[in-house]
**Student:** 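Dropping the structure in here first, questions after.
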Amino acid sequence: MSYDTIIFEIDDNVAVIKFNRPKALNAINPDVINELGKALDQIEADRSIRVLILTGEGEKSFIAGADISHMVNFTPTDAKQFSRQGQELLFRLESLPIPVIACVNGFALGGGTEFAMACDFIYASEKARFGQPEINLGVIPGFGGTQRLSRKVGMAQAKELCMTGKIISAQEAKDIGLVNRLFSPEELREETMKTAKLIASKGRTSMQAVKETIQRGYDLDLRNSCYMESEAFGMCLSSPDGKEGFSAFLEKRNPEFQD
Ligand code: DAK
């Protein structure tokens with residue numbers, strides 16, 4: 001399948017999607033949302049894909065937000081629909097059965113920070129910039145930013161970012177826990193791919209269980225989330241991957257996980 005607003009590539013078991021609207025610094029419009037949805041269909045249908053990386057084409061921008069020129073004439077109904085489409089897509093990324101890594105190469109503003117936060121974790125270039133500047137446009141984040149940001153970095157940091165609209169450096173984003181690791185712009189993609197390949201070498205069943213248990217458990221109380229963990233643990237232990245992992249350890253060899 002060919003795409004206009006994204007580039008879709010596969011490197012062994014790792015899919016890489018690059019946002020590709022360089023003239024608008026990869027701002028998100030409905031075409032991007034539709035094409036990303038189709039790419040996710042393709043990924044879900046291909047069981048050989050074990051990890052997804054989201055990044056921006058070029059060096060300057062991951063996503064500079066929702067496309068302001070597209071939103072300027074929105075009616076309230078258009079705005080609600082665009083917001084819903086974006087939110088549903090981000091829920092889909094969070095519940096994708098494989099890990100998703102955000103590889104933030106430059107500006108991740110507004111919808112850009114929101115897309116990155118819906119990934120399982122964020123690696124960033126030292127030159128990346130983050131922020132929720134919607135307040136400067138007289139609106140608020142519309143792709144779940146107010147909610148995911150406070151869950152990721154705490155309520156006070158989230159309020160400060162959304163209330164001031166200020167753009168923070170990659171180091172500040174790391175300091176508040178938004179970004180896991182920083183790399184030089186030259187190293188970022190290679191280091192992200194290294195981690196993706198490491199993750200791709202693990203068992204698919206246990207990987208999906210880790211993602212789902214942490215993701216869904218986060219919104220539950222501790223007792224119920226731990227109950228969910230026990231269920232998933234039992235399921236993994238009796239799966240072919242669990243049997244192979246335990247046997248390999250006892251036989252002092254590397255596990256060979258099958259699908
Ligand atoms: N939308 C459209 N075009 C954009 C854009 C954006 N978000 N960001 C940049 N561009 C375009 C610029 O207009 C410019 O186009 P030309 O003039 O060359 O045609 C080109 O990209 C290069 O940008 P600059 O010339 O400005 O480049 P600089 O290096 O000088 O500055 C910048 C880079 C990223 C600091 C600056 O472009 C900037 O401040 N951009 C806007 C960032 C921003 O405010 N992002 C948040 C957007 S609001 C909702 C759903 C979603 C949302 C809200 C509500 N509902 C439906 C309720 C989400 C909102 C947002 O994300």
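Both counts, for ligands and for their atoms, begin at 1 and track the order of listing. Values in this document were obtained by computation on a predicted structure and should not be read as measured data.
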**Student:** What protein heavy atom lies closest to atom 3 (N) of ligand 1? Include the residue and the distance to one decimal.
**Tutor:** A24 CB, 4.0 Å
**Student:** Just let me know how A64 lines up against ligand 1, side chain, backbone, both or neither, with a heavy-atom cut-off below 4.0 Å.
**Tutor:** both
**Student:** Hey, does I140 sit under 4.0 Å from ligand 1 if you only count heavy atoms?
**Tutor:**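 Under 4.0 Å: yes for I140.
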**Student:** Are F143 and F82 an aromatic pair by the rule of ring centers under 6.0 Å?
**Tutor:** yes
**Student:** Find out whether the Lys NZ or Arg CZ of R148 is both under 6.0 angstrom from the six-membered ring centre of F91 and within 45° of the ring's axis.
**Tutor:**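 Judged by the rule (NZ or CZ under 6.0 Å from the ring centre, within 45° of its axis), R148 counts as positioned above F91.
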**Student:** Please list, in number order, the atoms of ligand 1 under 4.0 Å from a heavy atom of G110.
**Tutor:**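 By the 4.0 Å cutoff, the relevant atoms are 61 (O).
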**Student:** Students should be able to answer this: which protein heavy-atom is nearest to atom 48 (S) of ligand 1, and at what distance?
**Tutor:** L137 CD1, 3.5 Å
**Student:** Within the structure, does M71 bring an N/O atom to less than 3.5 angstrom of an N/O atom in ligand 1?
**Tutor:** no
**Student:** Do M193 and V16 make a side-chain contact, defined as non-hydrogen atoms from C-beta onward lying under 4.5 Å apart?
**Tutor:**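 Yes, their side chains come closer than 4.5 Å.
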**Student:** Would you mind checking which non-hydrogen protein atom is closest to atom 37 (O) of ligand 1, with the distance to 0.1 Å?
**Tutor:**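 So the nearest neighbour among protein heavy atoms is L25 CD1, 3.8 Å.
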**Student:** Is the shortest distance from a heavy atom of P133 to ligand 1 less than 4.0 Å?
**Tutor:**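 In this structure, P133 qualifies as a contact of ligand 1 - some heavy atom is under 4.0 Å.
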**Student:** Have a look at G165, G144, S83, G145 and point out the one with the heavy atom closest to atom 57 (C) of ligand 1.
**Tutor:**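 Result: the heavy atom closest to atom 57 (C) of ligand 1 is in S83.
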**Student:** Looking at atom 61 (O) of ligand 1, what's its closest protein heavy atom, distance included?
**Tutor:**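 Of the protein heavy atoms, A66 N, 2.8 Å lies nearest.
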**Student:** Got a donor-acceptor contact below 3.5 angstrom from the T113 side chain to the G131 backbone?
**Tutor:** yes
**Student:** Less than 4.0 Å between a side-chain N and a carboxylate O, is that true for D31 and R21?
**Tutor:** no
**Student:** Give the atom numbers and elements of ligand 1 that come within less than 4.0 Å of a heavy atom of E134.
**Tutor:** 48 (S), 58 (C), 59 (C), 60 (C), 61 (O)
**Student:** Got K211 and V100 here, is their nearest side-chain heavy-atom distance under 4.5 Å?
**Tutor:**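 They are in side-chain contact.
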**Student:** Within the distance-only criterion (no hydrogens, no angle test), does the side chain of N105 pair as donor or acceptor with the backbone N or O of S61 below 3.5 angstrom?
**Tutor:** yes
**Student:** Of the listed options (S61, P76, G142), which comes nearest to atom 52 (C) of ligand 1 when hydrogens are ignored and any heavy atom counts?
**Tutor:**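 Comparing heavy atoms across S61, P76, G142, the nearest one to atom 52 (C) of ligand 1 lies in G142.
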**Student:** How far is atom 29 (O) of ligand 1 from the closest protein heavy atom, and which atom is that?
**Tutor:** K60 NZ, 2.7 Å
**Student:** Among all protein non-hydrogen atoms, which one is nearest to atom 19 (O) of ligand 1, and what is the separation to 0.1 Å?
**Tutor:**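 It is K23 O, 4.7 Å.
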**Student:** In terms of residue, atom name and distance, what is the protein heavy atom nearest to atom 56 (C) of ligand 1?
**Tutor:** A79 O, 2.7 Å
**Student:** Note the single closest protein heavy atom to atom 39 (O) of ligand 1, along with its residue, its atom name and the distance in Å.
**Tutor:**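 That would be L109 CD1, 4.6 Å.
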**Student:** Please confirm whether V139 comes under 4.0 Å of ligand 1, counting heavy atoms of the residue only.
**Tutor:**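 Not so, V139 does not reach ligand 1.
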**Student:** Considering the heavy atoms of D67, write down every atom of ligand 1 situated less than 4.0 Å from one of them.
**Tutor:**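 Heavy-atom distances to D67 below 4.0 Å select 1 (N), 2 (C).
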